[in-house]
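I have placed the structure first, in the form of structure tokens, so that the comments after it can refer back to it.
Whatever order the structure lists ligands and atoms in, that order sets their numbers, starting from 1. Any value given below was found using the heavy atoms of this structure, including those in side chains, with hydrogens, waters and symmetry copies removed.
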Amino acid sequence: MTVLENIPLAQYTTLGIGGPARWFVRVTQESELQEAVAFARLHSAPLFVLGGGSNLLISDDGFPGLVIQADFGGPVHNDLRTQTSPVRFDVPAGLGWDEFVEMTCRAGCTGIECLAGIPGLVGGTPVQNVGAYGQEVSQTINSVRVFDLKTLKFQTLSSEQCGFAYRTSIFNTTHRGRYVVTRVSFEFALDETPTLTYADLLKHFKGQPTPTPLQISDAVRAIRRSKGMLLVKGDSDSNSAGSFFKNPIVDQEAVSRIATALSIAPTEVPNWPAANGSIKLPAAWLVERAGFHKGFQMGRAGISTKHTLALVNLGGATAAEVVALRDAVILGVENLFQIRLEQEPVMLGFVPLR
Ligand SMILES: Cc1cc2nc3c(=O)[nH]c(=O)nc-3n(C[C@H](O)[C@H](O)[C@H](O)COP(=O)(O)OP(=O)(O)OC[C@H]3O[C@@H](n4cnc5c(N)ncnc54)[C@H](O)[C@@H]3O)c2cc1C
């Protein structure tokens, strides 16, 4: 284990923003974790676990502690040979997520085909319970192996113990910063009809026979590419952290308020049903309606030309510029609709607001 000093973090993020980490260590084996924690304790340094850096906004001042890059390798175990459903996969946290999606789709498994093209590593996916095009990773997670930074012991958490909900889990709420994910165990159905519920996908396959999981994953990547939601070299729209805002969950009263603000009928406000009779609104639509269009720019930060929800680094942007744009969007939406958008990416190295 080699601990490096003053390592610029921008290179480890998809936004390409962030000052230096005081210390930085790449960890590839579980056995190295104890040593990394001992180092942090010796220097009374805070710890941060880095995955693929695709859901992060790191401050221009960087992080004054030890960044552990969770690049756990090792074998992928599966019981595909039995050809009985469900099929189990036990995967190291450092495997690229999209590589894993491809692997399962090729094997004829259904469950994560709609999550193709999401950047980052396998270990990052349970943290915010990644979701897209009608699927959430929690629907296939059986258990998560973690190292508990409090007890310094390894533990296996069941899916229930992970407390998954829309873009949340215990890892980014109640137990934030406590666990390092080292492996994730999944269960997939074999040879079942893949998920085909989202309008974009239905349109893509209109008039065609039921697609295979592999065909769906390819279609999802193509749709993502057209929206700047796939990491594509040379496409400045992919210098982002994906969707910067979560879709707000509201009640019917909020829908009426929006309709009044825009002088439209409540039925014209796009929405989906959410848990417990509540309503999920598309944040992108609210942002557009508040006057922040695709291609909007504020300094060197902007909104993607292909997707209203992605804040992008137009080249040399600072974290402060992204924060200023974020705040302008939040304020604009709040002033018009009295709905406060919640940020999706994790912030690192910022002074918490009191
Ligand atoms: C172009 C683009 C498109 C995207 N599309 C989607 C989408 O459709 N749906 C979606 O949900 N997300 C999307 N994202 C966000 C992001 O890709 C996911 O949240 C991803 O799972 C983050 O994984 P990561 O490895 O990059 O984690 P990081 O960004 O490195 O870290 C994110 C958080 O997870 C924690 N973490 C990471 N790895 C571990 C670990 N091993 N143990 C403990 N904690 C860990 C970090 O501490 C941090 O709090 C998109 C991002 C981009 C750039």
Exercise. Is it true that R225 and D235 make a salt bridge, defined as a side-chain N closer than 4.0 Å to a carboxylate O?
Worked result: no

Exercise. To which of M347, R178, R224, M229 does the heavy atom nearest atom 7 (C) of ligand 1 belong?
Worked result: R224

Exercise. When you look for heavy atoms under 4.0 Å from ligand 1, do you find them on the side chain of P119, its backbone, both, or neither?
Worked result: both

Exercise. Are the aromatic ring centres of F186 and F89 under 6.0 angstrom apart?
Worked result: no

Exercise. For ligand 1, is any non-hydrogen atom under 4.0 Å from T14's backbone (N, CA, C, O), its side chain (CB onward), both, or neither?
Worked result: side chain

Exercise. Does R221 come within less than 4.0 Å of D98, counting only side-chain N to carboxylate O?
Worked result: yes

For this session: Drop me the distance from L281's CG to I249's CD1, to the nearest 0.5 angstrom.
Result: 8.0 Å

Exercise. Taking only heavy atoms of G131, which atoms of ligand 1 are found under 4.0 Å from at least one of them?
Worked result: 7 (C), 8 (O), 9 (N), 10 (C), 11 (O)

Exercise. Which protein non-hydrogen atom lies closest to atom 32 (C) of ligand 1, naming both residue and atom, and how far is it?
Worked result: N55 CB, 4.0 Å

Problem set entry | Per-atom contacts, ligand 1 versus A70 - under 4.0 Å to a heavy atom | 41 (N)

Exercise. In Å and rounded to the nearest 0.5 Å, what is the NZ to CD distance from K246 to E344?
Worked result: 7.0 Å

For this session: Do me a favour and list the nearest non-hydrogen protein atom to atom 21 (O) of ligand 1 with residue, atom name and distance?
Result: V130 CG1, 3.2 Å

For this session: Report, in ascending order of atom number, the atoms of ligand 1 lying under 4.0 Å from any heavy atom of V180.
Result: 42 (N), 43 (C)

Problem set entry | Near-ring test F39/H43, centroid separation under 6.0 angstrom | yes

For this session: Below 4.0 angstrom from a heavy atom of A132, which ligand 1 atoms are there? Numbered from 1 as shown, please.
Result: 8 (O)

Exercise. Taking non-hydrogen atoms only, is V346 closer than 4.0 angstrom to ligand 1 via side chain, backbone, both or neither?
Worked result: side chain

Exercise. Just by distance, with hydrogens left out, do T110 and E192 show a side-chain donor and acceptor under 3.5 Å apart?
Worked result: no

For this session: Report the C-alpha separation of R167 and E342 in whole Å, then their side-chain angles, then the decisive distance to 0.1 Å, and conclude whether the salt bridge (Lys or Arg N to Asp or Glu O under 4.0 Å) test is met.
Result: CA-CA 11 Å; R167 294 296 182 277; E342 238 184 87; over 6 Å; no

For this session: Salt-bridge test for R340 and E334: reply yes if a basic N is under 4.0 Å from a carboxylate O, no otherwise.
Result: yes

Seminar exercise, completed: If you scan protein heavy atoms around atom 35 (C) of ligand 1, the nearest is V127 CG2, 3.8 Å

Exercise. Where's the contact between F48 and ligand 1, heavy-atom distance under 4.0 Å: side chain, backbone, both or neither?
Worked result: side chain

For this session: State the atoms of ligand 1, each with its element, that fall below the 4.0 Å cut-off from a heavy-atom position in V181.
Result: 40 (C), 41 (N), 42 (N), 43 (C)

Exercise. Please state which protein non-hydrogen atom is closest to atom 28 (P) of ligand 1 and give its distance, to 0.1 Å?
Worked result: G53 N, 3.5 Å

Exercise. Which residue supplies the protein heavy atom nearest to atom 25 (O) of ligand 1, what is that atom called, and how far is it?
Worked result: G52 N, 2.7 Å

For this session: Assess K153 against F147: is NZ or CZ under 6.0 Å from the centre of the six-membered ring, and within 45 degrees of the ring's axis?
Result: no

Problem set entry | Minimum side-chain heavy-atom gap N129-F171 below 4.5 Å | no

For this session: Taking all heavy atoms of P194 and all of P211, pick out the closest pair and write down the distance.
Result: CG-O, 3.2 Å

Problem set entry | Those atoms of ligand 1 less than 4.0 Å from some heavy atom in A241 | 51 (C), 52 (C), 53 (C)

For this session: Could you find the nearest protein heavy atom to atom 10 (C) of ligand 1 and give me its residue, atom name and distance?
Result: Q128 NE2, 3.5 Å

For this session: Output the distance between atom OG1 (T84) and atom CG (L190), rounded to the nearest 0.5 Å.
Result: 8.0 Å

For this session: Going by heavy-atom distance to atom 38 (N) of ligand 1, choose the closest among G120, A93, G124.
Result: G124

Seminar exercise, completed: for atom 47 (O) of ligand 1, nearest protein heavy atom and its distance come out as V49 O, 2.5 Å

Problem set entry | Close-contact set for ligand 1 against Y179 heavy atoms, below 4.0 Å | 43 (C)

For this session: Could you check atom 16 (C) of ligand 1 against the protein and tell me its nearest heavy-atom contact, residue, atom and distance included?
Result: S54 OG, 3.2 Å

